[in-house]
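Before any comments, here is the structure.
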2 protein chains.
Amino acid sequence: MSISPQNADALAERLSHSGLRATPQREVVYNVLLKKRDHPTADEVFARVKNELPTISLATVYNCLETLVQCELVRAVNFERGPTRYCPNLRPHAHFHDEHTGKTHDIDLPPGLLEKVSSVLPQGYDAKSVEIIFRGKTASN
Amino acid sequence: MSISPQNADALAERLSHSGLRATPQREVVYNVLLKKRDHPTADEVFARVKNELPTISLATVYNCLETLVQCELVRAVNFERGPTRYCPNLRPHAHFHDEHTGKTHDIDLPPGLLEKVSSVLPQGYDAKSVEIIFRGKTASN
DNA sequence: CTTGCGCCTTAGAATCATTCCAATTTGTTG
DNA sequence: CAACAAATTGGAATGATTCTAAGGCGCAAG
């Protein structure tokens, strides 16, 4: 598995923008997230990354994920108590949590929806981000 | 602090409906949530409940909260990794998380908003609940 | 180049929230 | 009252994450 040039570049650019370095660990962690977008936990990322970097430590995986979140290349998602999950989808989207399978699906949002939702906020509330989480089941169950 | 009759009744009714008992611990835990609606953690509930029931254990607080959530008298809320918070507000509402103060505010939602939001779901997705979380700052900061 | 400095990584210890467990206690029912 | 189930309790155990201290690595200044 090798990182594609544009992603590597995007990563390097974002990192250096914050005075950070593009290390092999960070690149592989980011690439793992891009490769399989199933909202993995830090442990799952750790397992996948070890295939490429067998000596990486779990602490480093946590560090890298945190760094990617800071750079806004990745979103951290928490539904219901349990390990944080990571999502490299930067488009505006909601999450659908299937209670049967435990899987999480991205739901793309039409333009303007988030603004419309935000318009319910009273005067004086200034939202920087909006998160929408659905829970339920999908037809395939 | 004594639980008001209607709340005690609502509680007892919901509990017995599920074949459960209305114990002093459950009543006090529920009442603590109703009294100060600041989305406390289990630890915070524990501290407050101890004023009335000094010998209650933390495990019992967790048990009671879990029971109340089962009965749908209370909602468990998880933003960003960290202890679960509890909310006795049953009306449809969103949460606004103030990043300065760390406080969480309830935002009442106009009728139909949740349905409108749910309408973005593709065929085959059946949402049982929708959660909306805003993050940002409020004018008072 | 080579030295120094700050960013990174690492392993393991520490922490925090929560759950589990086994032993009472309490409430209800026959 | 006796027996059984539901609840509570304290403490141990678990799981996820964060902290800490000790090296490594890359690069800018001399």
Side-chain angles (χ1 to χ4, degrees), chain A residues 11-32 39-50 52-71 73-86 102, chain B residues 8 11-30 32 39-50 52-71 73-87 102 104:
Chain A
L11 174 59
E13 196 206 317
R14 291 288 186 101
L15 287 170
S16 67
H17 201 268
S18 311
L20 303 171
R21 296 207 280 250
T23 66
Q25 288 87 343
R26 285 170 179 170
E27 285 178 0
V28 175
V29 166
Y30 185 42
N31 204 34
V32 155
H39 306 84
T41 64
D43 266 341
E44 288 164 348
V45 172
F46 181 45
R48 294 175 198 177
V49 168
K50 272 201 285 199
E52 279 221 38
L53 298 176
T55 64
I56 197 172
S57 78
L58 178 57
T60 299
V61 171
Y62 274 103
N63 290 338
C64 292
L65 289 169
E66 171 64 12
T67 300
L68 294 172
V69 169
Q70 294 307 308
C71 294
L73 283 165
V74 166
R75 279 168 56 176
V77 186
N78 289 279
F79 334 116
E80 32 217 345
R81 177 118 291 274
T84 299
R85 297 179 169 276
Y86 296 88
Chain B
L11 173 60
E13 196 205 319
R14 290 287 185 100
L15 286 170
S16 68
H17 201 269
S18 310
L20 303 170
R21 297 207 279 250
T23 66
Q25 290 86 343
R26 284 169 180 170
E27 285 178 0
V28 175
V29 166
Y30 185 42
V32 155
H39 306 85
T41 64
D43 265 341
E44 289 165 348
V45 172
F46 182 45
R48 295 174 198 178
V49 168
K50 273 201 286 199
E52 280 224 38
L53 299 176
T55 64
I56 198 172
S57 77
L58 178 56
T60 299
V61 171
Y62 274 102
N63 291 339
C64 292
L65 289 169
E66 170 65 13
T67 300
L68 294 171
V69 169
Q70 295 306 308
C71 293
L73 283 167
V74 166
R75 278 167 57 177
V77 185
N78 290 279
F79 335 114
E80 33 219 346
R81 176 116 292 272
T84 298
R85 296 176 170 278
Y86 297 87
C87 173
T104 298

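Just so we're on the same page: letters track the sequence lines, and every chain starts at 1. Since the structure is predicted, the reported quantities are computational estimates derived from the model, not experimental observations.
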Distance check needed: [N] [atom2] versus [X] [atom1], whole Å only.
X: Leu65(A); N: dA16(D); atom1: CG; atom2: C1'; answer: 13 Å
X: Asn63(B); N: dA17(C); atom1: CG; atom2: P; answer: 18 Å
X: Glu44(B); N: dC16(C); atom1: CD; atom2: C1'; answer: 14 Å
X: Asp43(B); N: dT15(C); atom1: CG; atom2: P; answer: 16 Å
X: Phe46(B); N: dG10(D); atom1: CZ; atom2: C1'; answer: 10 Å
X: Leu15(A); N: dT9(C); atom1: CG; atom2: C1'; answer: 15 Å
X: Lys50(A); N: dT10(C); atom1: NZ; atom2: C1'; answer: 13 Å

With sequence neighbours excluded, what pairs up with Thr41(B) under the side chain to side chain donor-acceptor pair (under 3.5 Å) test?
->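 Scan of Thr41(B) (side chain to side chain donor-acceptor pair (under 3.5 Å), adjacent residues dropped) gives none.
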Identify, with sequence neighbours excluded, every residue that meets side chain to side chain donor-acceptor pair (under 3.5 Å) alongside Ser57(A).
->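 With sequence neighbours excluded, Ser57(A) shows a side chain to side chain donor-acceptor pair (under 3.5 Å) to Thr60(A), given in chain and number order.
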Please enumerate all protein N or O atoms sitting under 3.5 Å from an N or O of nucleotides 2-4 of chain C, with distances to 0.1 Å.
none

Let me know, please, whether Glu66(A) or Leu20(B) comes out on the 5' side of the other along DNA chain D by nearest nucleotide.
->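 This one resolves to Leu20(B).
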Looking only at non-hydrogen atoms, find the nearest pair between [X] and [Y] and report the distance.
X: Val61(A); Y: Phe46(A); value: CG2-CD1, 3.7 Å
X: Cys71(A); Y: Leu20(A); value: SG-CD1, 4.4 Å
X: Val45(B); Y: Pro40(B); value: CG2-CG, 3.7 Å
X: Ala42(A); Y: Tyr86(A); value: N-CE1, 4.2 Å

In residues 74-87 of chain B, which residues come under 4.0 Å of DNA chain C by heavy atom?
->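 Hits under 4.0 Å, by residue number: Pro83(B), Thr84(B).
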Could I get the full list of salt bridge (charged side-chain N to carboxylate O under 4.0 Å, His left out) partners for [X], not counting sequence neighbours?
X: Arg14(A); value: none
X: Glu80(B); value: Arg135(B)
X: Arg85(A); value: Glu44(A)

Do any side-chain nitrogens or oxygens of Gln25(B) fall under 4.0 Å of OP1 or OP2 in dT9(D)?
->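 For Gln25(B), the contact criterion (side-chain N or O under 4.0 Å from OP1 or OP2 of dT9(D)) is met.
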Quick one: is dT26(C) close enough that its OP1 or OP2 comes under 4.0 Å of any side-chain N or O from Thr23(B)?
->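 No, Thr23(B) has no side-chain N/O under 4.0 Å of OP1/OP2 on dT26(C).
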Anything under 3.5 Å between a protein N or O and an N or O of nucleotides 22-27 of chain D, put it in a table, one pair a line.
none

Below 3.5 Å, can you tabulate the donor-acceptor pairs from side chains in residues 62-69 of chain A to any protein atom, sequence neighbours excluded?
residue  : atom : partner  : partner atom : Å
Asn63(A) : ND2  : Ala59(A) : O            : 3.3
Glu66(A) : OE2  : Gln70(A) : NE2          : 2.7
Thr67(A) : OG1  : Asn63(A) : O            : 2.9

Results of side chain to side chain contact (heavy atoms under 4.5 Å, CB included) for Thr23(B) - residues two or more places apart only |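 Side chain to side chain contact (heavy atoms under 4.5 Å, CB included) check on Thr23(B) returns Arg21(B), Gln25(B), Arg26(B).
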With sequence neighbours left out, write down each residue that passes side chain to side chain contact (heavy atoms under 4.5 Å, CB included) with Thr55(B), or none if nothing qualifies.
-> none
Could you grab the distance from atom CZ of Arg75(B) to atom SG of Cys87(B), nearest 0.5 Å is fine?
-> 6.0 Å
Heavy-atom contacts under 4.0 Å between residues 55-62 of chain B and DNA chain D, which residues?
-> Thr55(B), Ile56(B), Ser57(B), Ala59(B), Thr60(B)
